Structures are given as C-alpha cells and as structure tokens.
Amino acid sequence: MHVDADSFFASVETRHKPSLARTPVLVGGAGPRGVVATANYEARAFGCRSAMPMSQARVLCPTAMVLTPRFGAYAAHSALIMDTLRQLSPLVQPVSLDEAFVDLAAGPFAADPVVAADLARRLVYNRCGLVVSVGLGRSKLIAKLASDEDKPHGFTVVPGDDEDEFLMPKPVGALWGVGPATQATLRTLGIRTVADLRAAARDELVRALGEAAGWNLYRLARGDDPRPVVVEREAKSVGAEQTFAQDLLRWELPGALDAVLARALRRLARHGGGARTVTVKVRLSDFTTLTRSVTLAHPTAEADQLREAATAALTAAKAVEPVRLLGVSLSGLTHWAQLRLPEDATGSGVEDPDSLKVTTEPLSVGTAPGEPLPAVEGTGSRDGEVLDEAALRSFADDEPEDSDEERLPAPLTLHTVAVGLDVAHPEHGAGWVVKSEDGHVTVRFEGPGTGPGPERTFDVRREPLMRVAPPEPCPPPRLTSLAGLGEVEDLTAKLLLPGTAPPTP
DNA sequence: TCTGGGGTCCTAGGACCC
DNA sequence: TCTGGGGTCCTAGGACCC
C-alpha cells in the first residue's frame with residue numbers, strides 16, 4: 001500500500017486556519033526568492049504548482065494566502081499518520097513527511113488489503129482531519145502509481161491481473177526516476193509511454209541512459225519491481241544550504257559559511273557521531289553551481305576541524321562574487337568520532353591512518369561503531385571544542401530561520417514575525433499571523449477546534465504577542481464512519497486510540 | 001516569473017594497489 | 001619495453017525525489 005497525504009502542507013494549514021477553507025493557499029518561501037512548496041487545490045485551479053517561484057504564483061493567483069512553512073506542525077501530523085499506518089502493519093517505510101509504503105502482507109490485514117487501505121484513510125481522517133490517497137498493488141511501483149491515480153482522496157486497487165492494462169498507457173514520466181532529462185532522452189528514441197518502453201531493447205536503453213537507469217527502466221516497464229518495504233535506513237549525509245535574499249559579496253562569504261555550517265553541525269549533532277567529508281556548494285548569481293569537497297583522514301565531530309575543511313573547500317571553489325547560495329553537506333557519517341589529537345600527531349598531511357592509532361584514545365567508552373552515540377558533548381575532550389549545542393547556537397544566533405528548533409513560546413518580534421506563524425495573546429487566546437506591516441501585526445484568532453475567527457491588529461512594540469507551538473493534531477469536527485467495514489469492525493474499535501471519538505453511524 | 005531545501009543515487013575520470 | 005585487468009577510493013557534476 002502507498003499512502004500519500006493530499007497537498008499535505010496546505011491541508012495542515014487549512015486544518016489550523018478554518019477561515020482559509022475553500023480559499024487558495026500557497027505554502028512556501030515568502031521572500032523574494034521563495035518557491036511554492038505546496039499549493040492547495042483551490043490555488044492549483046489558477047495554475048499554481050509546487051516548485052514554482054512564489055513571485056510567479058502570486059501573479060497567477062493574487063488572492064492566494066501565502067504562508068510560511070511550519071515544519072513543526074507538519075512533523076507532528078506526519079508522526080500521527082505513520083503511527084496510524086503502523087497499526088495496520090509493522091512494516092512502514094516513510095518516504096517523506098507525507099508519504100509512506102506499507103507492506104500489508106507483514107501485518108494482521110494480509111488477507112484483507114482492501115479493508116486495510118480503507119481503514120487507513122478513515123483512521124487518518126478521524127485522528128487529524130487530513131485526507132490521504134491510497135493505492136494498492138503487488139509492488140511499490142504499482143502501489144505508488146495507484147495512489148496517484150485519482151487524487152485527492154483517491155482509493156485505487158490494481159489487482160495483479162490488471163497491471164499491464166494499468167501500466168502500459170502511462171507516460172514514462174509517471175515512473176519513479178524518470179524526470180525531465182530522462183524523458184527528453186527517451187523522446188529522441190520515440191519512447192513516450194510505458195508501452196513504448198517495453199518495446200525497446202534493453203541494450204538500447206542502457207546505451208542511452210547508462211547501466212543503472214537503463215536496466216531499471218527495462219524492468220519497471222515489465223512491472224518487475226522487487227524492492228522491499230524497508231523500515232529504517234541509515235542517513236548518508238546531513239547538511240544545510242541557504243539562498244540569500246540578496247547575492248553576497250566576497251567579504252560576506254566567511255560569515256555566511258559559518259552560519260550555514262552551524263546548521264549542518266546541529267544536524268550532525270542530532271545524528272550523533274562524526275563526518276569525514278565536507279562538501280561546500282556555491283551557486284553564483286548566474287545560477288552556475290560549483291561543489292568542492294574535502295575528505296579528512298578520520299571522521300570528526302569537532303567544529304573547528306570541519307570548519308577548516310569547509311573553508312578550504314570554499315577556497316578551492318574559487319567562487320567569484322556575487323554568490324546566490326551557500327551550502328554545506330557532511331557525509332561519510334559515523335556514529336563515533338575522532339577526538340582532536342595532540343598537535344604533533346595531527347600535523348596536516350598525515351595520511352596514514354595507522355600512524356595515528358597509537359595515540360588515539362577510545363572515543364566513548366562502551367560505544368561500538370554502529371551504536372548510536374547519545375550526544376557528542378561530554379566525551380572527555382578538554383578544550384571544549386567538541387560540538388556543543390549552546391556554543392553552536394551562539395554563532396548562528398543572527399539567523400531568523402530554523403524556527404523548527406526554536407524553543408517556544410517566545411516573544412514575537414519584528415525579526416521573527418512571518419505570515420502563518422502561531423501566536424497567542426493574553427486576552428484573545430491563540431491565533432495566527434495574517435499580515436505584518438511596519439510594526440503592526442494582524443492576527444486571526446482561530447484554531448482547529450473553532451470556526452472562522454475574528455481578526456485584530458496590534459502594535460507589537462506595545463502589545464505583548466507570543467510565538468507559540470502549533471496546535472496538536474486533533475480529530476476534525478465531523479468524523480467519517482468506520483461502519484460498513486464488515487467483520488473487521490471489532491478490530492477497528494481496538495485500533496481507535498485514546499482521544500479519538502467513537503465512530504458516528 | 002527567474003528559479004528552495006532536504007536528501008539519494010549514478011557516472012566518469014583519475015589515483016592508486018595488487 | 002610500450003602496455004592487462006581486477007579492484008577501491010575520491011571528486012565533481014548531474015538527475016531525481018518530495
């Protein structure tokens with residue numbers, strides 16, 4: 001089963017902001033260089049799409065409400081959706097915040113996949129008011145295409161016998177892994193549909209697309225997709241990047257690199273352990289993109305070492321100003337990290353790992369490679385150079401971004417205010433920022449449990465407004481029925497969780 | 001209208017090793 | 001004496017996904 005929440009970010013927004021129901025909503029970067037992350041269906045009617053420059057979307061749909069993303073709220077809803085799916089089978093593979101594969105054969109519904117799929121959409125709706133599309137098939141390929149088939153609120157079952165009929169007419173671009181470039185290449189071969197693809201010779205595909213992609217498409221065109229549902233995968237890299245509202249000049253680069261690196265380091269700290277390779281990405285104003293990487297002799301979690309490597313990589317890129325984007329990616333991740341060694345042992349250019357081993361103390365007692373390390377701090381380094389949340393925060397302080405980690409509640413300032421954020425007023429209660437204009441913030445006081453609420457405008461220099469955490473996911477005002485699912489009703493009763501109202505007939 | 005940010009995977013070339 | 005074949009690791013770029 002493949003489950004996909006419909007226009008996920010936008011749906012969470014309208015769930016929390018009842019006054020926006022049935023009106024166009026765009027979620028994404030509201031700044032000059034933002035793009036649309038999600039447009040709801042009302043906005044799509046005007047031609048707005050994901051990945052479109054926000055400036056363009058605003059022209060297409062001037063009446064749309066443009067909201068800054070609230071990742072905390074999306075993560076909470078995502079967790080609830082995934083939890084719900086795990087009640088149908090232990091084998092759940094989240095693909096992103098809003099999407100997951102479920103191996104129903106591994107759960108109690110092995111014999112009733114259709115019931116499970118129906119249950120999935122109803123349970124998710126009743127627990128948080130979000131609508132999902134589900135697809136059922138014998139493979140990930142088919143299930144994913146099936147969930148795409150008639151969204152929103154789709155429910156498509158493709159029995160094994162119908163796979164060819166379902167697959168053949170689809171454009172090749174519908175297949176996972178076939179983007180614009182591959183489509184263009186295939187078009188030169190006269191291949192537009194999966195049927196065309198199936199008629200192509202394997203060697204021809206491999207010649208045109210390379211070993212991996214050619215083989216892959218050859219098999220997918222035949223409905224041959226043995227990929228299993230995998231519950232957990234190790235992260236291979238963590239990183240951060242930022243497109244600046246205005247291009248940076250050369251003298252601004254070191255400071256900007258530090259700030260981006262700080263965010264990457266925070267993610268590394270969350271992952272636990274160290275990294276061996278630092279890759280710096282530079283996008284120039286003409287959009288040409290360069291990457292330069294530095295690989296260390298040993299994985300490390302030390303900010304100084306990683307910063308040194310990042311600086312070296314940036315220098316190697318020989319970037320010419322103006323610079324539009326800077327990024328830092330840390331790869332070669334381990335769950336353990338090399339501590340700083342005495343000066344004489346760490347002289348640059350030490351390449352032979354064995355020569356270092358003698359002086360290397362065990363990193364953290366009782367933690368083997370592969371075992372997650374709770375935190376890097378406190379591993380015994382004396383110079384305090386090991387990653388430390390507080391220290392890192394201190395040099396990333398000037399960043400208004402990263403609201404996802406900010407501690408809430410916090411006073412709303414003109415620096416942190418953005419349309420869509422959750423706020424609270426001591427008298428009027430909880431609401432969200434509708435507008436912010438020269439010191440005056442307009443708030444609409446409503447939430448997932450209220451109807452459309454009233455608007456009020458405040459002078460934030462006088463009136464105390466607090467930024468608060470988003471509302472918790474909660475059942476919608478009207479639940480959908482779980483009746484009519486036959487013998488499984490007993491089971492569904494068991495699956496209903498505390499806090500979820502009983503089904504209405 | 002002027003192009004986000006988090007990732008994964010693949011390819012090709014070069015260095016290096018046996 | 002005039003050039004094999006296996007492999008790994010690293011780097012840069014690019015395609016792709018949501």
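Each chain gets a letter, A, B and so on, in the order its sequence line appears, and its residues count up from 1. Since this is a predicted model, take the numbers as computed values, not measurements.
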DNA chain C-proximal residues of residues 197-208 of chain A, any heavy atom under 4.0 Å: none

With sequence neighbours excluded, what pairs up with [X] under the salt bridge (Lys or Arg N to Asp or Glu O under 4.0 Å) test?
X: Asp103(A); value: none
X: Arg187(A); value: none
X: Arg192(A); value: none

Do any side-chain atoms of residues 309-324 of chain A form donor-acceptor pairs under 3.5 angstrom with protein atoms, and if so which ones, sequence neighbours left out?
{"from": "Thr311(A)", "atom 1": "OG1", "to": "Arg307(A)", "atom 2": "O", "distance (Å)": "2.8"}
{"from": "Thr315(A)", "atom 1": "OG1", "to": "Thr311(A)", "atom 2": "O", "distance (Å)": "2.8"}
{"from": "Glu321(A)", "atom 1": "OE1", "to": "Arg250(A)", "atom 2": "N", "distance (Å)": "2.6"}

Phe101(A): partners by ring pair (Phe, Tyr, Trp, His ring centres under 6.0 Å), with sequence neighbours left out: His2(A)

OP1 or OP2 of dC9(B) under 4.0 Å from side-chain N/O of Lys236(A): yes

Listed partners of Thr291(A) passing side chain to side chain donor-acceptor pair (under 3.5 Å), at least two apart: none

Dot-bracket summary - DNA chain B, pairs being Watson-Crick or G-U whose distances fall under 3.5 Å, with | when paired to another strand: ....||||||||||||||

Residue-level proximity of [range] to DNA chain B when a heavy atom falls under 4.0 Å:
range: residues 209-227 of chain A; result: Gly210(A), Glu211(A), Ala212(A)
range: residues 320-328 of chain A; result: Arg324(A), Leu325(A)
range: residues 132-142 of chain A; result: none

Protein-to-nucleotide contact annotation, 5' to 3' order, nucleotides 11-18 of chain C [B base; S sugar-phosphate only; - none; under 4.0 Å, heavy atom]: SSS-SSSS

Contact class for [X] (heavy atom, under 4.0 Å): base, sugar-phosphate, or nothing?
X: Ala240(A); value: sugar-phosphate
X: Phe8(A); value: nothing
X: Gly239(A); value: sugar-phosphate
X: Ala235(A); value: sugar-phosphate

